[in-house]
There are 2 protein chains.
Amino acid sequence: MSSEELAARGQTTAAQVRKDLSHFGSFGKRGLGYPVDELRARLRRILGIDRTWNVGLVGAGRIGLALFEYPAFRARGFDCVAIFDSDPEKIGRELGGVVVQDPSAFEEAVRALGIELIVLAVPAEAAQEMAQRGVDAGVRGILNFAPIRLNVPPRVPVEDVNLVMELEALSFQISKDEPDA
Amino acid sequence: MSSEELAARGQTTAAQVRKDLSHFGSFGKRGLGYPVDELRARLRRILGIDRTWNVGLVGAGRIGLALFEYPAFRARGFDCVAIFDSDPEKIGRELGGVVVQDPSAFEEAVRALGIELIVLAVPAEAAQEMAQRGVDAGVRGILNFAPIRLNVPPRVPVEDVNLVMELEALSFQISKDEPDA
DNA sequence: TCGCGCTTGTGAAAAGATTCACGAATGTAG
DNA sequence: CTACATTCGTGAATCTTTTCACAAGCGCGA
């Protein structure tokens with residue numbers, strides 16, 4: 001498959017595809033394009049998704065559970081192996097083979113299960129504390145739904161998801177075209 | 001409040017804050033900084049969030065409902081006024097004062113309720129069709145959770161949310177530091 | 001009123017990202 | 001074996017974003 005075709009699929013340009021790939025090595029064959037299977041395998045390796053990641057879900061509220069039950073997660077190699085919530089109502093309940101645990105069991109579970117990524121889906125007030133505890137217990141990356149900026153060491157990447165901001169971005173793009181409303 | 005302080009809070013630099021704000025006008029006072037209340041009011045206006053937006057939720061699965069019940073939405077001016085789902089089990093059920101409707105009622109509801117934004121939380125197969133129907137019915141922006149690139153006219157902004165990709169981004173950032181694992 | 005300590009707004013410089021354009025490979029067909 | 005049609009990888013050119021740096025403005029206190 002040529003860079004031209006890859007570009008069309010990825011909503012970008014052929015030059016961009018080639019430049020981006022060149023940062024990680026030389027993947028293609030001149031005159032031929034890129035061998036799809038091999039390219040995919042090498043990209044998976046570069047992205048670190050050529051393996052399974054054990055994920056811990058912190059916060060079994062609506063958003064947390066929605067994620068947990070989202071089949072695409074497991075299908076893509078992100079395996080949710082533990083759930084934590086401070087609500088006594090929820091502790092002990094089983095969800096898809098995983099029992100909701102008290103947060104006091106957090107550190108122990110991280111170590112015992114080899115949890116490297118956590119999904120933080122707790123109220124803003126609890127997010128920083130759980131992030132810190134995660135980092136101390138050995139967590140290596142955080143997907144954060146709480147609308148605060150987590151303070152963690154730079155070696156631990158954080159991806160923030162703020163859905164209100166996404167809607168606001170839409171609002172801005174719509175509004176900016178109208179001089180006044 | 002000075003650009004310096006705003007920068008510290010927003011994880012950026014003072015120069016960036018000033019440059020960004022200058023694109024929209026002159027907000028501050030030299031020697032003094034920015035008047036917080038006025039700045040906020042003007043930014044809200046620029047972002048188009050100085051009003052309420054009527055939002056339609058398409059897809060009452062886990063993710064859709066999680067969003068619907070997320071209180072921060074309404075609190076920030078995004079009011080979910082209708083829910084659509086094709087599952088007969090769900091149609092007719094009431095959720096927080098809103099009844100789940102059959103998708104056949106979609107266009108009519110968009111017009112009747114003045115829905116300008118939709119949240120697409122349906123399987124990938126159904127996403128393009130509902131996007132097109134939304135655009136035709138007058139929707140002006142789409143928050144898309146389906147893992148496909150929607151084909152809509154450029155006047156309709158789309159914000160994509162792909163949580164698997166967010167996890168993959170973490171995976172990459174963690175893996176890139178280790179020569180080989 | 002004047003001088004001083006701050007802070008903005010903004011051109012100019014620097015850094016970064018994208019696009020261009022072309023030499024060098026590669027397979028194919030004759 | 002040669003000519004040709006492709007397509008990659010990549011320096012150079014262009015475009016964009018960020019940072020720098022400083023004149024001009026503001027309030028305050030003497």
Carefully, step by step, assess B:N144 and B:D160 under the rule side-chain hydrogen bond (donor to acceptor under 3.5 Å, both in side chains).
CA-CA 5 Å; B:N144 174 43; B:D160 288 294; 2.7 Å; yes
For A:E168 and B:R44, run salt bridge (charged side-chain N to carboxylate O under 4.0 Å, His left out): C-alpha distance rounded to whole Å, both residues' side-chain angles, the deciding distance at 0.1 Å, then the answer.
CA-CA 10 Å; A:E168 288 177 349; B:R44 286 175 63 85; over 6 Å; no
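Side chains of A:E166 and A:N162: no donor on one and acceptor on the other come within 3.5 Å.
Between the CD atom of B:E5 and the P atom of C:dT7 there is a distance of 10 Å, given to the nearest Å. Between the C1' atom of C:dC6 and the CG atom of B:L6 lies a distance of 15 Å, rounded to the nearest Å. Look at CG on B:D20: it is 10 Å from C1' on D:dT18, rounded to the nearest Å. Atoms CG (A:L39) and C1' (D:dT7) sit 15 Å apart, rounded to a whole Å. Here D:dT7 presents its C1' atom at 13 Å from CG of A:L21, a figure rounded to the nearest Å. One interatomic measurement links the two molecules: CD of B:E38 to P of C:dT8, which rounds to 14 Å at whole-angstrom precision. Look at CG on A:L32: it is 11 Å from P on D:dG9, rounded to the nearest Å. Atom CZ in A:R42 sits roughly 15 Å away from atom P in D:dC8 (whole-Å rounding).
Across B:L170, B:I174, B:D177, a single residue satisfies side-chain contact (heavy atoms from CB on, under 4.5 Å) together with A:R140, and that is B:I174. Applying the side-chain contact (heavy atoms from CB on, under 4.5 Å) test between B:V58 and each of B:I142, B:L143, B:V122 identifies B:V122 as the sole match.
No side-chain donor-acceptor contact under 3.5 Å links A:S3 to the backbone of A:R18.
For B:Y34 and D:dC26, the shortest distance from a side-chain N or O to OP1 or OP2 is not below 4.0 Å. For B:S22 and C:dG9, the shortest distance from a side-chain N or O to OP1 or OP2 is not below 4.0 Å. For A:S3, no side-chain nitrogen or oxygen approaches OP1 or OP2 of D:dT7 to under 4.0 Å.
Residue order along DNA chain C, read from the 5' end via each residue's closest nucleotide, puts B:M1 first among A:G31 and B:M1.
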Table of protein N/O atoms under 3.5 Å from nucleotides 19-24 of chain D N/O atoms:
from, atom 1, to, atom 2, distance (Å)
D:dT19, OP2, B:T13, OG1, 3.3
D:dA21, N6, B:R18, NH2, 3.2
D:dA24, N3, B:R30, NH1, 3.1

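Nearest nucleotide to the B:K29 side chain, out of C:dG9, D:dG27, D:dG9: D:dG27.
Note: B:F84 and B:F106 meet the aromatic proximity criterion, with ring centroids under 6.0 Å apart.
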